[in-house]
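This report refers to the structure that appears directly beneath it.
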2 protein chains.
Amino acid sequence: MDNRRLIIDSAKKLFWHRGYSTTSPKQVMADAGVGQGSFYHHFPAKADLGHEVVQENGRDLVASVRAAMEGKATGRDRLVAFLGSAGDALGGCQIGGFAYDAGILAEPPLREALGAAFTELTDLLESVVREAQADGSVSAKLDPAQTAAALLAVVEGAFVIARATGRQSTADAATAGALALLDG
Amino acid sequence: MDNRRLIIDSAKKLFWHRGYSTTSPKQVMADAGVGQGSFYHHFPAKADLGHEVVQENGRDLVASVRAAMEGKATGRDRLVAFLGSAGDALGGCQIGGFAYDAGILAEPPLREALGAAFTELTDLLESVVREAQADGSVSAKLDPAQTAAALLAVVEGAFVIARATGRQSTADAATAGALALLDG
DNA sequence: GTCTATATGATGATAGAC
DNA sequence: GTCTATCATCATATAGAC
């Protein structure tokens, strides 16, 4: 119905799994089933679509992390739920791959949107670490900001390693190791 | 033989910092200071150069990790030295970015070389975790393979986060947090 | 808003002379 | 081994009709 929405949804999926620079407008049009005229009417330049996609994928990721944490009894359980984000790592992180995409980094608005998404995720995790320390499920000795950063890095790294090796089990090993350290 | 080396060295640097798919043969030629005739004489296709680069960057990374660990008194100190690999994260990991590059993943030989490099790093780290447990500098309760995978993931993730936010300090926070967990 | 036709430059090469 | 010329294809649009 709404071609603009069809374009964005296709681009979100394609930029996520195949990369921004390595996906052409033509591929997006084909996937969305819209013509060139429609595409360039809604997005004068590819970067305009990219900006929208980085923002939406960032929001989606934060929302899915919040959803995965919902209903968990302790702060530690919520952190465990976050580590589960790497449970299907072969497709790559919704936004992590953009950090290595020269086409994203070359465009200041896209770069800023990417940084903002990571900052929001870090802040969310830090607040959950504090909750976990408050309810006694995680050691009070840990620095909340650094612990949150480490957990986010483990998950992002797990995506990288899984894609590099082609084996999901390498991501699972990383998150299991991180959990053991957290509980240690 | 000299131009071949110049081409490889330029490509190693450019593919590392700017990505494989987003760097053209022409850019490599310009950086290396060689002409098209020379380039295609040594590397019939871009992927042939890419294969060489993935292998060399993998070997270089393993070698630099080994060098950083050398002379450290305990296994834990060697792991700390490895965490320091993310001390200059804004340029990206020598091989980590390839995991999100569609042009690398689409070529089986490049993909295999990438996976092999990660496997070698993981194996190296696992052996160091075992040494650390043997000398008492790291808890014997930890699973060596999972702990090694987690530490590698932290470092790879630190590169991703630093590039996404544009701030080295976000990588430093992640590795500091990981060290605290390891010592915890 | 969408269509088709057209334009410009880059990419990843190949051909043949030196 | 290296050079210059050439080439097909693709990426990224723009123009104007409907």
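Letters A, B, ... mirror the listed sequences (proteins, then strands); counts begin at 1. Values below: every heavy atom of this structure, side chains too, minus hydrogens, waters and symmetry copies. Remember, it's a predicted structure, so these values are computed and weren't measured experimentally.
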Gap between atoms [atom1] and [atom2], on [X] and [N] respectively (whole Å):
{"X": "Lys26(B)", "N": "dT14(C)", "atom1": "NZ", "atom2": "P", "value": "16 Å"}
{"X": "Leu14(A)", "N": "dA11(D)", "atom1": "CG", "atom2": "P", "value": "13 Å"}
{"X": "Phe39(A)", "N": "dA5(C)", "atom1": "CZ", "atom2": "P", "value": "20 Å"}
{"X": "Gln27(A)", "N": "dT9(D)", "atom1": "CD", "atom2": "C1'", "value": "14 Å"}
{"X": "Arg5(B)", "N": "dT2(D)", "atom1": "CZ", "atom2": "P", "value": "14 Å"}
{"X": "Tyr40(A)", "N": "dA5(C)", "atom1": "OH", "atom2": "C1'", "value": "15 Å"}

Looking only at dT12(D), dT11(C), dT2(D), the nucleotide nearest the His41(B) side chain is dT2(D)
Test salt bridge (Lys or Arg N to Asp or Glu O under 4.0 Å) applied to [X] - qualifying residues, sequence neighbours left out:
{"X": "Asp31(B)", "answer": "Lys13(B)"}
{"X": "Arg4(B)", "answer": "Glu52(B)"}
{"X": "Glu131(B)", "answer": "Arg78(B)"}
{"X": "Arg111(A)", "answer": "none"}

Enumerate, atom names and distances included, each donor-acceptor pair closer than 3.5 Å involving a side-chain atom of residues 37-47 of chain B, sequence neighbours excluded.
from	atom 1	to	atom 2	distance (Å)
Ser38(B)	OG	Asn3(B)	ND2	3.2
Lys46(B)	NZ	Tyr20(B)	O	2.9
Lys46(B)	NZ	Thr23(B)	O	2.9

Hey, can you pull the donor-acceptor pairs under 3.5 Å for the side chains in residues 113-122 of chain A, sequence neighbours left out?
from	atom 1	to	atom 2	distance (Å)
Thr119(A)	OG1	Gly115(A)	O	2.9
Thr122(A)	OG1	Phe118(A)	O	2.8

Counting only pairs under 3.5 Å, give me each side-chain donor-acceptor contact of residues 145-159 of chain A, with atom names and distances, residues two or more places apart or in other chains.
from	atom 1	to	atom 2	distance (Å)
Thr147(A)	OG1	Asp143(A)	O	2.7

Taking OP1 and OP2 of dT11(C), is either one under 4.0 Å from a side-chain nitrogen or oxygen of Ser24(B)?
yes
Flag for Thr170(B)-Thr165(B): side-chain donor and acceptor within less than 3.5 Å:
yes
Regarding Thr74(A) and Asp135(A), do their side chains bring together a donor and an acceptor under 3.5 Å, going by distance alone?
no
Output one line per pair: protein atom, nucleotide atom from nucleotides 3-6 of chain D, and distance, for all N/O pairs under 3.5 Å.
from	atom 1	to	atom 2	distance (Å)
dC3(D)	OP2	Gly35(B)	N	3.3
dA5(D)	N6	Gln36(B)	OE1	3.2

Quick one, which residues of residues 42-55 of chain A touch DNA chain C with a heavy atom under 4.0 Å?
His42(A)
